[in-house]
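A quick write-up on the structure given underneath.
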Number of protein chains: 2
Amino acid sequence: MTNKLNSNNLTKSEEDYLKALFYLIVEEDSVKVGNNQLAEYLNVSPASANNMIKKLKAKDYVISEKYGKLDLTEGGRLIAVRLIRKHRLWETFLCNYLNFTWDEVHEVAEQLEHIKSRKLIDELDRFMDFPKKDPHGEMIPNADGEYAILPKITLSSLLEGDVCELVAVNDGSVNFLKYVSEIGLVLSSEIKIIEIRDFDKSIRIQFNEGEETVTRKFADNVFVNKVI
Amino acid sequence: MTNKLNSNNLTKSEEDYLKALFYLIVEEDSVKVGNNQLAEYLNVSPASANNMIKKLKAKDYVISEKYGKLDLTEGGRLIAVRLIRKHRLWETFLCNYLNFTWDEVHEVAEQLEHIKSRKLIDELDRFMDFPKKDPHGEMIPNADGEYAILPKITLSSLLEGDVCELVAVNDGSVNFLKYVSEIGLVLSSEIKIIEIRDFDKSIRIQFNEGEETVTRKFADNVFVNKVI
DNA sequence: TTAATTTGTTAGTCATAGCTAACTTTTTTA
DNA sequence: TAAAAAAGTTAGCTATGACTAACAAATTAA
Ligand SMILES: [Mn+2]
Ligand SMILES: [Mn+2]
Ligand SMILES: [Mn+2]
Ligand SMILES: [Mn+2]
């Protein structure tokens with residue numbers, strides 16, 4: 001019932017809070033992250049988040065002034081990046097070796113990322129020959145916690161006539177991911193913007209498998225590399 | 001932070017208690033299992049075990065009368081067997097694909113066995129082509145919870161002149177497992193009993209890689225198949 | 001610049017899962 | 001068969017991490 005094991009001593013909850021903070025601070029472009037924002041992201045009450053932040057401050061993973069915004073210390077950031085590394089490596093393993101589809105992996109990876117064993121994750125990395133990207137196109141941090149964030153240009157930021165390549169999807173809901181695959185899009189699909197309709201800003205796109213009209217909300221969740 | 005997911009709803013602790021009960025009742029030959037015995041096995045206080053047993057009885061996984069011995073219901077047994085299946089499949093994966101040695105796998109499998117995903121474990125099973133035994137020679141239950149217990153004859157039960165094959169080791173400590181490999185024994189090694197010394201019941205054995213004298217305690221933890 | 005709204009904090013409660021100390025029942029031993 | 005020992009139970013405590021309700025501070029709008 002005791003639980004020391006490898007490296008750090010954080011609980012699953014503490015880890016999830018640090019990871020959430022990292023996403024809000026680094027991944028999303030929200031400059032300042034507040035307590036209630038964190039609470040909402042994690043689906044907990046503001047009181048719960050406040051409570052946990054207090055603990056993480058005591059452990060020196062988080063900094064903030066009373067009533068002020070939140071920030072991660074270097075230690076906190078490192079734990080978060082390692083979690084993301086584990087999460088993405090597991091997702092890659094599930095997709096590439098265990099017949100999971102890209103919309104099925106997140107839920108299970110959310111559990112697997114908390115397994116404490118340095119050797120496990122480094123060997124898994126080696127076994128897969130050090131993959132660079134996860135099934136959603138996101139970069140996998142390396143064993144030293146180095147984390148390359150890929151430039152995030154959304155499909156919705158392009159103009160009529162532009163051509164781009166699908167590089168990643170916003171690590172989103174099962175619904176969204178299923179939708180993307182169902183219309184025939186996959187990572188590295190080449191997409192041309194045919195028309196942006198004035199009426200509702202919906203976007204007509206063309207790609208290998210045909211043409212589709214997608215909403216702005218859809219396009220906001222698709223990251224691309226502009227080609228033309 | 002919520003945690004429903006696949007199949008059952010048991011906590012890690014509840015699962016570990018059911019698995020422990022299963023080992024004590026089925027694997028070991030102790031006919032009757034008591035509360036304090038369970039507590040000792042799990043390194044918790046008798047009060048803690050008693051408390052958990054109460055919960056597991058309420059959930060209909062355990063049966064016992066007040067001050068009486070413990071038993072698993074069919075439901076409790078099934079959960080335990082599924083845990084053992086997961087534990088042993090993960091140990092097999094760690095050994096055969098991730099360069100873990102047989103003394104390193106248990107600790108990590110103890111965590112991995114609690115990951116809740118039917119698909120994950122069945123696909124892992126398929127990926128490894130449905131292995132029958134784990135790295136310690138123990139049988140892996142199949143997806144239906146069918147569990148073949150292999151007959152457990154210990155090396156210590158043999159007589160001078162007998163020849164046997166090492167089929168399994170008692171799922172034991174890192175110290176023991178390291179010792180076994182260091183003297184050169186592996187699963188399916190053929191072992192001949194050269195002499196049982198009267199003085200201290202120590203046993204002189206001969207096998208491929210040479211000769212060794214082992215204690216009775218050692219021989220109690222080695223399961224064999226008598227050949228001659 | 002005051003009032004309303006949003007954001008953050010505190011206090012107190014609950015469930016889980018440990019613990020110790022004290023007690024009761026059962027079993028063993030003398 | 002009575003006393004001692006072992007086994008099992010209960011009560012009451014702790015820590016973690018949720019929650020709600022009430023309150024305080026900061027920000028935004030009137
Ligand atoms: Mn994910
Ligand atoms: Mn998680
Ligand atoms: Mn094991
Ligand atoms: Mn376990």
Side-chain angles (χ1 to χ4, degrees), chain A residues 1-5 8-21 24-25 28 30-59 61-71 76 79 83 110-111 114 116, chain B residues 1-5 8-21 24-25 28 30-59 61-72 79 83 110-111 114 116:
Chain A
M1 305 296 97
T2 45
N3 180 34
K4 249 164 240 182
L5 235 27
N8 77 64
N9 257 35
L10 300 182
T11 64
K12 182 183 175 307
S13 279
E14 289 172 326
E15 289 187 338
D16 280 335
Y17 273 94
L18 290 175
K19 186 159 67 97
L21 261 180
L24 292 172
I25 292 171
E28 310 292 323
S30 23
V31 191
K32 295 289 177 184
V33 177
N35 181 80
N36 294 9
Q37 190 186 350
L38 176 63
E40 173 157 46
Y41 181 83
L42 285 170
N43 286 306
V44 296
S45 69
S48 298
N50 192 264
N51 203 53
M52 181 57 90
I53 287 298
K54 217 176 268 179
K55 247 183 298 183
L56 294 174
K57 283 168 76 172
K59 293 192 179 185
Y61 295 124
V62 169
I63 309 180
S64 79
E65 284 166 29
K66 209 174 180 185
Y67 292 100
K69 296 301 169 183
L70 306 171
D71 207 352
I79 286 167
L83 270 173
E110 205 54 48
Q111 299 177 69
H114 300 288
K116 286 175 176 34
Chain B
M1 304 305 72
T2 46
N3 179 33
K4 250 163 238 179
L5 238 26
N8 76 63
N9 257 37
L10 300 182
T11 64
K12 183 182 174 309
S13 279
E14 289 171 326
E15 289 187 338
D16 280 336
Y17 273 94
L18 290 175
K19 185 159 68 97
L21 261 179
L24 292 173
I25 292 172
E28 310 293 323
S30 24
V31 191
K32 294 290 176 186
V33 177
N35 180 79
N36 293 9
Q37 190 186 349
L38 176 63
E40 173 157 46
Y41 181 83
L42 285 171
N43 287 306
V44 297
S45 69
S48 297
N50 191 264
N51 203 53
M52 181 59 89
I53 287 298
K54 217 176 270 178
K55 247 182 299 180
L56 294 174
K57 283 169 75 172
K59 294 192 179 188
Y61 294 124
V62 169
I63 308 181
S64 80
E65 284 166 29
K66 211 174 176 183
Y67 292 100
K69 296 300 171 182
L70 307 172
D71 206 353
L72 285 169
I79 286 166
L83 270 173
E110 206 54 48
Q111 300 177 68
H114 300 289
K116 287 176 174 34

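Any value given below was found using the heavy atoms of this structure, including those in side chains, with hydrogens, waters and symmetry copies removed. We name chains A, B, ... by the order of the sequence lines, and we start the count at 1 in each one. What you see is a predicted model, and the numbers here were worked out from it, not measured in a lab.
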Next on the checklist: Is it the case that the side chain of A:K57 and the backbone of A:S64 share a donor-acceptor pair, with hydrogens and angles ignored and the cut-off at 3.5 Å?
Outcome noted: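 At least one qualifying donor-acceptor pair exists.
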Just compare [options] and give me whichever is closest to any side-chain atom of [X].
X	options	value
B:S48	C:dT9, C:dT26, C:dC19	C:dC19
A:T11	D:dA18, C:dG18, D:dG17	D:dG17
A:N35	C:dT9, C:dG18, D:dT10	C:dT9
A:K69	D:dA7, C:dT10, C:dT7	C:dT7
B:M52	C:dA17, C:dT7, C:dT25	C:dA17

Whole-Å distance separating the [atom1] atom of [X] from the [atom2] atom of [N]:
X	N	atom1	atom2	result
A:K55	D:dT16	NZ	C1'	5 Å
A:N50	D:dC19	CG	C1'	14 Å
A:N9	D:dA15	CG	C1'	15 Å
A:K12	D:dG17	NZ	P	11 Å
B:L70	D:dA7	CG	P	13 Å

Item to check | Upstream residue (5' side of DNA chain D) when B:K66 and A:A49 are each assigned their closest nucleotide | outcome: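 The answer here is B:K66.
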Next on the checklist: Using every non-hydrogen atom in the two residues, find where A:H114 and B:Q111 come nearest and quote the distance to one decimal.
Outcome noted: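 Distance-wise, the nearest heavy atoms are O-OE1, 4.2 Å.
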